[in-house]
Amino acid sequence: MCTVVIDVEPGQARLLAVRDEDPQRDWDDLGTWWPEHYPGVIGIRDRRAGGAWLAFDPTTRRLAVLLNRPDLVDLPESDLRSRGGLVLESVAGRSPAAPVRTHGFNLLEVTPEHSRVLTWDGAALRETPVAPGVHMVAHDDLDDEATARISAWLPRFRAEARQTADATDWASHWAGLLADTTTLDPTDDRAIIRDNRVHGYPTLSLLYCTAEIGSGGAAVDSHVLPIPGHWH
């Protein structure tokens, strides 16, 4: 139930990514956790499976972030791979190809020149290019108005991006809007900082990242929420 807002412009992409996960599942904040197989890659690591939720390579200026989504997978769990490995492979330049032996996902791949969402539902792998402008993606399709938090907040993020397009402190403005969204209760389906337990999932929002990918390089900042599912 993660959420990403992304602003794509020629030669540049900016994004805000909110991670929802079971707070009992151990993880590590941004770091170079894979020096042997993915040297130089920085990301947020899932300790249990060893993969990443979000990762980027400052040298190649590739970034990928994974969002879970419903699927049609009919395989025993022992036959499935962790989705976190897809993030690291994507940053290394190896995007997934069907069939993918994982549960469903939206994989957002970002470079200065091109951004896209790869969607796997257990039956087909689809590609959705991310056109210039501001977009949101969660557990459904890109800019899916049936997703309550997208219909509620995408217009506000588009307005904010226009107002801060030339601002060096754009990330603080976007974080300020994210804070505004927390006037909603975290159990409200329109919320971005979320408590998903009422929706049947054991996950809560744990952190958010802001990232900028451009001709000058790639940079990501991480902000861990003091209390999962709550801004303060």
Side-chain angles (χ1 to χ4, degrees), residues 1-7 14-30 43-49 51-55 64-71 82-84 87 103-108 117 119-121 134-161 171-211 220-232:
M1 304 287 281
C2 302
T3 308
V4 175
V5 183
I6 181 168
D7 182 11
R14 293 170 168 172
L15 63 89
L16 169 73
V18 178
R19 186 189 187 206
D20 294 358
E21 184 53 271
D22 183 345
Q24 301 304 312
R25 183 164 180 144
D26 291 337
W27 58 280
D28 294 299
D29 205 357
L30 287 173
I44 293 174
R45 179 175 65 169
D46 171 44
R47 289 186 191 172
R48 182 184 301 176
W53 165 67
L54 176 150
V65 57
L66 186 84
L67 305 94
N68 296 348
R69 64 176 292 152
D71 60 53
S82 168
R83 287 168 285 199
V87 174
H103 281 301
F105 60 79
N106 286 325
L107 179 65
L108 176 62
V117 178
T119 296
W120 171 247
D121 63 3
V134 179
H135 306 271
M136 286 182 71
V137 62
H139 58 281
D140 293 315
D141 290 345
L142 185 71
D143 298 337
D144 195 329
E145 293 186 354
T147 306
R149 76 201 92 147
I150 292 179
S151 60
W153 296 107
L154 180 55
R156 289 282 305 277
F157 274 103
R158 283 177 168 163
E160 186 67 40
S172 64
H173 289 280
W174 284 32
L177 178 50
L178 180 61
D180 288 348
T181 72
T182 63
T183 57
L184 294 172
D185 189 271
T187 62
D188 191 314
D189 203 26
R190 296 169 297 169
I192 297 177
I193 300 299
R194 302 174 64 82
D195 181 343
N196 295 303
R197 292 174 296 184
V198 298
H199 306 293
Y201 302 93
T203 59
L204 296 90
S205 298
L206 301 183
L207 62 91
Y208 71 93
C209 289
T210 54
V220 178
D221 288 316
S222 172
H223 308 266
V224 178
L225 301 180
I227 301 174
H230 296 272
W231 190 249
H232 296 296

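All values below come from the heavy atoms of this structure, side chains included, with hydrogens, waters and symmetry mates left out. Throughout, numbering of the chain's residues begins at 1 and tracks the sequence.
- Here the shortest heavy-atom pairing between Asp140 and Asp144 reads CB-OD2, 3.3 Å.
- Of all the heavy atoms in Arg190 and Arg149, the pair that sits closest is O-CB, 3.3 Å.
- Judged purely by atom type and a 3.5 angstrom limit, Arg194 uses its side chain to pair as donor or acceptor with the backbone of Asp189.
- For the pair Ala191 and Leu184, the tightest heavy-atom approach, listed with the atom from each and the gap, is N-CD1, 3.9 Å.
- The two residues Arg47 and Trp27 have their closest heavy-atom pair at NE-O, 3.6 Å.
- Taking each heavy atom of Ser82 and Ala49 in turn, the nearest pair found is OG-CB, 3.4 Å.
- No donor-acceptor pair closer than 3.5 Å links the side chain of Asp22 to the backbone N or O of Thr203.
- Residue Thr187 holds its OG1 atom at 10.0 Å from CZ of Arg197, rounded to the nearest 0.5 Å.
- A distance of 10.5 Å separates CD of Glu21 from CH2 of Trp53, quoted to the nearest 0.5 Å.
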Please determine whether salt bridge (Lys or Arg N to Asp or Glu O under 4.0 Å) holds for the pair Arg69 and Asp121, giving the CA-CA distance in whole Å, both sets of side-chain angles, and the decisive distance to 0.1 Å. CA-CA 8 Å; Arg69 64 176 292 152; Asp121 63 3; over 6 Å; no
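- The closest side-chain heavy-atom distance from Val87 to Leu107 is below 4.5 Å.
- For the atom pair CZ (Arg156) and CG (Leu177), the distance works out to 5.0 Å, reported to the nearest 0.5 Å.
- Going from atom CG of Leu207 over to atom CG of Asp29 covers 6.5 Å, rounded to the nearest 0.5 Å.
- Tyr208 has its side chain out of reach of Ile192: every pair of non-hydrogen atoms, C-beta onward, lies at least 4.5 Å apart.
- With sequence neighbours excluded, the residues satisfying side-chain contact (heavy atoms from CB on, under 4.5 Å) with Ile193 are Val18, Leu178, Thr182, Ser205, Leu225, Trp231.
- With contacts defined as side-chain heavy-atom distances shorter than 4.5 Å, the pair His223/Thr210 qualifies.
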For Tyr201 and Asn68: C-alpha separation, side-chain torsions, deciding distance, then whether side chain to side chain contact (heavy atoms under 4.5 Å, CB included) applies. CA-CA 12 Å; Tyr201 302 93; Asn68 296 348; over 6 Å; no
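- One finds the CG atom of Leu30 at 12.5 Å from the CZ atom of Arg45 (value rounded to the nearest 0.5 Å).
- The closest side-chain heavy-atom distance from Asp46 to Arg25 is below 4.5 Å.
- Side-chain contact between Ile44 and Cys209 is present, with heavy atoms from C-beta onward closer than 4.5 Å.
- We find the CG-CD distance between Leu204 and Gln24 to be 10.0 Å, quoted to the nearest 0.5 Å.
- When all heavy atoms of Leu66 and Cys2 are compared, the closest pair comes out as O-SG, 4.4 Å.
- With Val137 as the fixed residue, the side-chain contact (heavy atoms from CB on, under 4.5 Å) test singles out one of Val5, Asn106, Thr3: Asn106.
- Taking the ring axis of Trp120 as reference, the NZ or CZ atom of Arg83 does not stay both within 45° of it and closer than 6.0 Å to the ring centre.
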